[in-house]
Number of protein chains: 2
Amino acid sequence: MKESSDADEVMGLTGDELLRALSALANPHRLRILAVLHGGRDYVSHLAREIQMSRPLLHMHLQRLEAAGLVVGTLELSDEGKAMKYYEVAPFLMRLTPEAIAEAVKTLTDGEGDGS
Amino acid sequence: MKESSDADEVMGLTGDELLRALSALANPHRLRILAVLHGGRDYVSHLAREIQMSRPLLHMHLQRLEAAGLVVGTLELSDEGKAMKYYEVAPFLMRLTPEAIAEAVKTLTDGEGDGS
DNA sequence: TTCATGTGTCAGATAATCCTGACATGTATC
DNA sequence: GATACATGTCAGGATTATCTGACACATGAA
């Protein structure tokens, strides 16, 4: 997501990265998840109970957010051997303007996104 | 979309409005449309040829953008009696941060958006 | 009238997203 | 072992979003 010292805008993000971030944000559940995590880190099972969402669904949304670089997940071991996956918001700043968008669009690929 | 003098962020937008704007932006075609229109206003048939998109499809995307307040359409009459619908980008500035999102989420409705 | 231009809309197919209910893995406790 | 809690994944259904190919209506010019 790129975190500069002062005022970064969308520059620094490729068109594809911008699109991925916007797609991740374009969902009420994911916005709520970000809002809750902004209040403090949490692990997925607890968070699922917190916001009354099925765990598999929450898992999917968190992956989408993490793929966009908006949250960061860390697998930790509790005092007991329990594996806990904690998520927290990744500090970000996106300054969306017509100019910034026009700039980012220059580096938008056709969609043949591979990656595997 | 709210256009203040200096630095407005997402505040001033309700959660629903923010979600609508993000959803409108979360599409490669619509980003491209914004980028092209940022270079100058245009009417839909011409724009459709420009970006090689079917007119009904472009029409739909433009409606989505207009509903989000990102573009403005004006129906004008050319010198001949032809009705031309010109679109232009509405100047906007969205400062997306975890804080701003958490703030906007407070005014997010459950989804029962009526309006008719 | 016919052709070329512009507008808008609609039904239906395709594609993507979202969501649920399993299932499998692991550890610690009763 | 059975229970409780954590993790991840998958198949399939339900719901949206996207897109195309018509259709409608206008105007001006040949």
Side-chain angles (χ1 to χ4, degrees), chain A residues 16 19-34 41-68 71-88 108 110-113 115-116, chain B residues 16 19-34 41-68 71-88 108 110-113 115-116:
Chain A
D16 293 332
L19 180 57
R20 187 188 306 275
L22 289 172
S23 298
L25 291 174
N27 179 286
H29 291 327
R30 290 194 285 269
L31 286 183
R32 274 188 235 272
I33 291 170
L34 278 177
R41 67 204 296 269
D42 200 355
Y43 63 95
V44 340
S45 281
H46 184 255
L47 181 56
R49 287 189 292 268
E50 197 85 359
I51 63 182
Q52 311 219 59
M53 178 182 294
S54 77
R55 198 173 50 80
L57 184 55
L58 175 59
H59 183 268
M60 193 203 64
H61 284 313
L62 284 171
Q63 283 210 326
R64 219 123 156 30
L65 286 170
E66 186 166 36
V71 302
V72 179
T74 321
L75 187 61
E76 302 179 7
L77 291 183
S78 63
D79 294 345
E80 320 88 44
K82 297 271 188 63
M84 319 278 277
K85 185 129 193 190
Y86 279 88
Y87 278 94
E88 58 191 323
L108 241 190
D110 282 345
E112 300 302 326
S116 73
Chain B
D16 293 332
L19 180 57
R20 186 187 307 274
L22 289 172
S23 298
L25 291 174
N27 179 285
H29 291 327
R30 289 194 287 269
L31 286 183
R32 274 188 235 272
I33 291 170
L34 277 177
R41 67 205 296 271
D42 199 357
Y43 63 95
V44 338
S45 283
H46 183 254
L47 181 56
R49 286 189 293 268
E50 197 86 357
I51 63 182
Q52 311 219 59
M53 178 182 295
S54 77
R55 197 173 51 80
L57 184 55
L58 175 59
H59 183 268
M60 192 203 65
H61 284 311
L62 284 172
Q63 283 209 327
R64 222 127 152 32
L65 287 170
E66 187 167 33
V71 302
V72 178
T74 322
L75 187 61
E76 302 179 7
L77 291 184
S78 64
D79 294 347
E80 320 88 45
K82 296 272 187 63
M84 318 280 275
K85 184 128 193 189
Y86 278 89
Y87 277 94
E88 59 191 322
L108 241 191
D110 283 346
E112 300 302 326
S116 74

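We name chains A, B, ... by the order of the sequence lines, and we start the count at 1 in each one. No hydrogens, no waters, no symmetry mates; every other heavy atom, side chains included, goes into these values.
Between the CE atom in A:M60 and the NE2 atom in A:H29 there is a gap of 9.0 Å [rounded to 0.5 Å]. To the nearest 0.5 Å, the span separating CG on A:L22 from CG on B:N27 amounts to 10.5 Å. To the nearest 0.5 Å, the span separating CD1 on B:I33 from CG on B:D42 amounts to 11.0 Å. Distance CG/A:L34 to OH/A:Y87: 12.5 Å, rounded to 0.5 Å. The structure places CZ of A:R32 at 13.0 Å from CG of A:L47, a figure rounded to the nearest 0.5 Å.
For the residue pair A:A83 and A:L75, the shortest heavy atom distance occurs at CB-CD1, 4.2 Å. Between B:L62 and B:V71, the shortest heavy-atom contact is O-CG2, 4.0 Å.
Separating the CD atom of B:Q52 from the P atom of D:dT20 is a distance of 12 Å, rounded to the nearest angstrom. Atom-to-atom, OH of A:Y43 to C1' of D:dT7 comes out at 12 Å; the value is rounded to the nearest Å. Atom P of nucleotide D:dT7 and atom CG of A:L47 are separated by 10 Å, given to the nearest angstrom. Between B:M53 atom CE and D:dA17 atom C1' the separation is 14 Å, expressed in whole Å. In this structure, B:H46 places its NE2 atom 13 Å from C1' of C:dG6, rounding to the nearest Å. Taking atom NE2 of A:H59 as the reference point, atom P of D:dC10 lies 10 Å away to the nearest angstrom. Rounded to a whole Å, the CZ atom of B:R55 is 19 Å from the P atom of D:dT18. B:L58 has its CG atom 13 Å from the C1' atom of D:dC19, to the nearest Å.
The stretch residues 52-61 of chain A participates, sequence neighbours left out, in these side-chain hydrogen bond (donor to acceptor under 3.5 Å, both in side chains) pairs: A:R30-A:H61.
One finds a side-chain N or O of B:S54 lying less than 4.0 angstrom from the OP1 or OP2 phosphate oxygen of D:dT20.
Within residues 74-87 of chain B, the residues having any heavy atom under 4.0 Å from DNA chain D are, by residue number, B:E80, B:G81, B:K82.
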Any protein N or O atoms within reach of nucleotides 13-18 of chain C? Criterion: under 3.5 Å, listing atom names and distances.
from   : atom 1 : to    : atom 2 : distance (Å)
C:dC18 : OP1    : A:N27 : ND2    : 3.1
C:dC18 : OP1    : A:R30 : NH2    : 3.1
C:dC18 : OP2    : A:R64 : NE     : 3.1

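No donor-acceptor contact under 3.5 angstrom links the side chains of A:E76 and A:T74, judged on distance only.
Take the nearest nucleotide of DNA chain C for B:Q63 and for B:R49: the residue whose nucleotide is more 5' is B:R49.
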